[in-house]
Amino acid sequence: MSKKKLVVVGNGMAPGRMLEHLFEKDADAYDVTIFNAEPRVNYNRLMLSPVLSGEKTYEDIITHGDDWYAEHGVTLHKAARVSGIDRDAKTVTSENGITASYDKLVIATGSNPFIIPLPGKDLDGVLTYRDLDDVDKMLDAAGRGGRAIVIGGGLLGLEAAAGLKMQGMDVTVLHLMPTLMERQLDPAAGFLLEEEFRSRSIDVRTKANSHEIVDDGSGKVKAIRLDDGTEIEASIVVMAVGIRPSADLAKSIGLDTNRGVLVGDDMRTSDPDIFALGECVEHRGMCYGLVAPLYEMAEAIADNLLDGTAEYTGSVTATKLKVTGVDLYSAGDFAEGDDREEIVLRDASAGVYKRLVLKDNKIIGAVLYGETSDGPWFFDMLKKGTDVSEMRETLIFGQAYQGGAPLDPTAAVAALPDDAEICGCNGICKGKIVSTIKEKGLTTLDGVRAHTKASNSCGTCTGLVEQLMQVTLGDAYNPAAVTPMCGCTPLGHDEVRRLIKSKELKSIPAVMQELEWTSSGGCAKCRPALNYYLVSDWPDEYADDYQSRFINERVHANIQKDGTYSVVPRMWGGMTSSKELRAIADVVDKFDIPAVKCTGGQRIDMLGIKKEDLPAVWADLGKAGFVSGQAYAKGLRTVKTCVGTDWCRFGTQDSTGLGVKLEKFMWGSWTPAKLKMAVSGCPRNCAEATCKDIGIICVDSGYEIHFAGAAGLDIKGTEVLGLVKTEDEAIEHVAALAQMYREQGRYLERIYKWAKRIGVDEIRRQIMDDANMRKAYFDRFVFSQKFAQVDPWSERVSGKDKHEFKPMAVLTKEAAE
Amino acid sequence: MTADIHNWVQIGTLDDIPREGARCVKNGDMTIAVFRTAKDEVFALEDKCPHKNGPLSQGIVHDGCVTCPLHNWVISLETGSAQGADEGRTTAFPVRLEDGSVLIDLSFSHEAV
């Protein structure tokens, strides 16, 4: 009996594996013919990156050499792209005129690299990263030097970038999303990866949207221009932004296709004699671009070709970045959800980040960075659905730590020898800390820091030091002395602020990684605080994190109880004019604003505005010269004034004028909590400056500066900072004071609480007595204002964040109004 | 999940929603808040906090939850239930992502309206 005929279209890794299974099960069932568009035998595509980086050669990565085809009687047509399939006649024909007939056909056409339809995409020097030809082209370009730009910070793009760098090119990676490999990694791991690439002198630009590939005049790549106008020179551009299932052939012969060739669990297409396999396939709505699922499909097809009943039911996938020296592993689903728990381990000094996501005591996702040897172990448990509740305490430490009773952390510290180093920064060992605690009778962490210097630098050993205190002092130690910022960290606000500065942390993911946050992405308490600290400490370098702002600061208006907003335009020093009032009146009429009210800070509040109307309201107010009053901000809100010498018979100075100057100088500045000021023209204090955060009382001899008053949850008169003679001095002192508070205040800590904590005398000493210090605070305030004085309203009117104000969709429904 | 009849409606693309943010979808009189987490998961809740009807779409998104902008109740994006000591629940709608498109199942909304 003659053998049945099997034709395979495509010669990638998946059909290679399928044939291995097939021959293993029954070597004599089929005569096999393969059409391969590439002019070569089968090779391991996963190993292209080592070929690009020069660590391997093409010969090293061949999986099925010519001998193998010969040995199994397989007819391989190289460089034979299939042009047509006749399903009635059951024949396959290639472009170069070869025809083969089949009983069963397997379509394994793989995928094509996605080309972004940028202007210039067809220029000479624009490459993709998909097969050996692409690698050859890149190697050829690298031989000539220059800069390579890789578009796409995913798996392939990063591998290409690392390879090209190793080949001696300058490399820039452009990535549209805020963090690298965002589909496989959470932001913390993405951040580490970015740091690693930077340390290899690979330029990484996230949130980078390419606009055009620039022609050098002869049809060759010269540069890339980004949406923001930046131009980066390049001799080649590699597009590695993703792949698309190559389903055109299947579609052209009438098979059901969607994104990919549609197959059922038996891997058959809509034609029972035709199977499809690999990256060209769409199975249960999924298309796969990783090798493991393709191998599982290959096994199922091999069985079904032999009249078996194997079913492929989908895959969970794991990813590993193949860049030498970078250990990164990601598997499963690591999204957040309230039925999920996460275990996070961060070891900043070792550059290790591990995160496991559990659901019902089973691992459903894992991200490992820096130390990935347990990846397969976690992945195995993930696939098997192993119940991990027994080993939960030590699970994150990996397989080596399983077995034996879980160690109580305090017991572990107690068991350490006296010469065990606790604080690596200062070289302090356990014995020294314990003896100092006993000798000096220390009971607080600050005391231990002061006397031993342990935990006084990077702070990562703070937990260990506290455990030592616990062991040494027993119940006499009250660890609650430092209130943690939130549940995501044991560190207090001051600690975090100090470390942001000393470790030069300049993004929220950087803070979370370096300070070993225990959650993956923070919470609604720590994120706004971190965002403020970073804005305050790095005004020029830090990019504000919009999603870490409370709604009021995000949409620049006050949310009210019914979800509408109120809008307060700035009226400098409380002064206004008929033109301004008319403009406000017109806006009130035009938008049918239900309530208009004077605020406690002498401004006009328009209440009850629908969110979608906000940009139009601002546009009209902006035309009349108004900017946002920031009545919603943890920042400078108002400077209230009286009429001073302009009109008042008691006024001693131009309090209105000074209020206007202060407000124009200080508006836009962010502070730990809201900041309200006032200037009164005489001690009668009509502007009520003595219950403000910062107040000035004008007197005959000059300006008395007050601060730390409150008229909110607490009612408190101000403290006197001191008396100065001129307006300029008053402004300098006030700004320096505000800056000192900005740099030291804990988020949401009003100035009066901060002053109580620091001590009024100390503040007075630094601002009034130490002219150099005052000048330095003042200069930092002025520097920060360069970046802060941007009116958020006009920004939004000109289109920024416009998605905020429009619904994503309006669904029509009979019941709709 | 009792509804056998699904009413999947396409409402836009994943890119329309800011990461760790939300967009609103108007469904007749009802507003549905569609959230996108840091991990690009998408969830939909009626845009009303079970506490005092605060617009959840305007809250800070974190760890599979959103914190209501009015009084800081923390609501699970997946179930719509209040977290911690608070009690209450808002309607959660099934959402699915297809090729970058966001589809929402409105078959529940009839019960909820």
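Since the structure is predicted, the reported quantities are computational estimates derived from the model, not experimental observations. Letters A, B, ... mirror the listed sequences (proteins, then strands); counts begin at 1.
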Heavy-atom contact with chain B under 4.5 Å, split by part of [X]:
| X | value |
| --- | --- |
| A/Y565 | side chain |
| A/R549 | backbone |
| A/E612 | side chain |

- Message: side-chain contact (heavy atoms from CB on, under 4.5 Å) for A/I151 and A/V241? Distances and angles first, verdict last.
- Response: CA-CA 6 Å; A/I151 305 182; A/V241 290; 3.8 Å; yes
Compare every heavy atom of [Y] with every heavy atom of [X], then report the nearest pair and how far apart it is.
| X | Y | answer |
| --- | --- | --- |
| B/K48 | B/N53 | CD-OD1, 3.9 Å |
| B/I75 | B/P50 | CD1-CD, 3.7 Å |
| A/C486 | A/K525 | CB-CB, 3.9 Å |

- Name the orientation class of the two ring planes belonging to B/H71 and B/H51 (parallel below 30°, tilted from 30 to 60°, perpendicular beyond 60°).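 Aromatic pair B/H71/B/H51 classed perpendicular.
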- Look at atom NZ of A/K800 and say whether more than 12 heavy atoms of other residues, nucleotides or ligands are closer to it than 6.0 Å.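 Yes, enclosed.
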- Query: Is the number of heavy atoms from other residues, nucleotides or ligands under 6.0 Å of A/K611 NZ greater than 12?
  - Reply: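 More than 12 within 6.0 Å, yes.
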Top contributor to chain B contacts, counting heavy-atom pairs under 4.5 Å, from [options]:
| options | answer |
| --- | --- |
| A/E804, A/M177, A/R527 | A/R527 |
| A/P807, A/A524, A/S519 | A/A524 |
| A/N258, A/N552, A/I559 | A/I559 |

- Item | Side chain, backbone, both or neither of B/S57 within contact of chain A (heavy atoms, under 4.5 Å) |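 Answer is backbone: N, CA, C or O of B/S57 sit under 4.5 Å from chain A.
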- Which region of B/P69, side chain (C-beta onward) or backbone (N, CA, C, O), has a non-hydrogen atom less than 4.5 Å from a non-hydrogen atom of chain A, or is it both or neither?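 Answer is both: backbone and side chain atoms of B/P69 are under 4.5 Å from chain A.
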For the candidates [options], which exhibits the highest count of non-hydrogen atom pairs separated by less than 4.5 Å from chain A?
| options | answer |
| --- | --- |
| B/V102, B/V66, B/T79, B/T13 | B/T79 |
| B/E98, B/E20, B/K52 | B/E20 |
| B/V34, B/T67, B/I17, B/L70 | B/L70 |

- Message: Assess, by modelled atom type and distance only, whether the side chains of A/S111 and A/R244 contain a donor and an acceptor separated by less than 3.5 Å.
- Response: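 No, because no side-chain N or O of A/S111 sits under 3.5 Å from a partner of the opposite role on A/R244.
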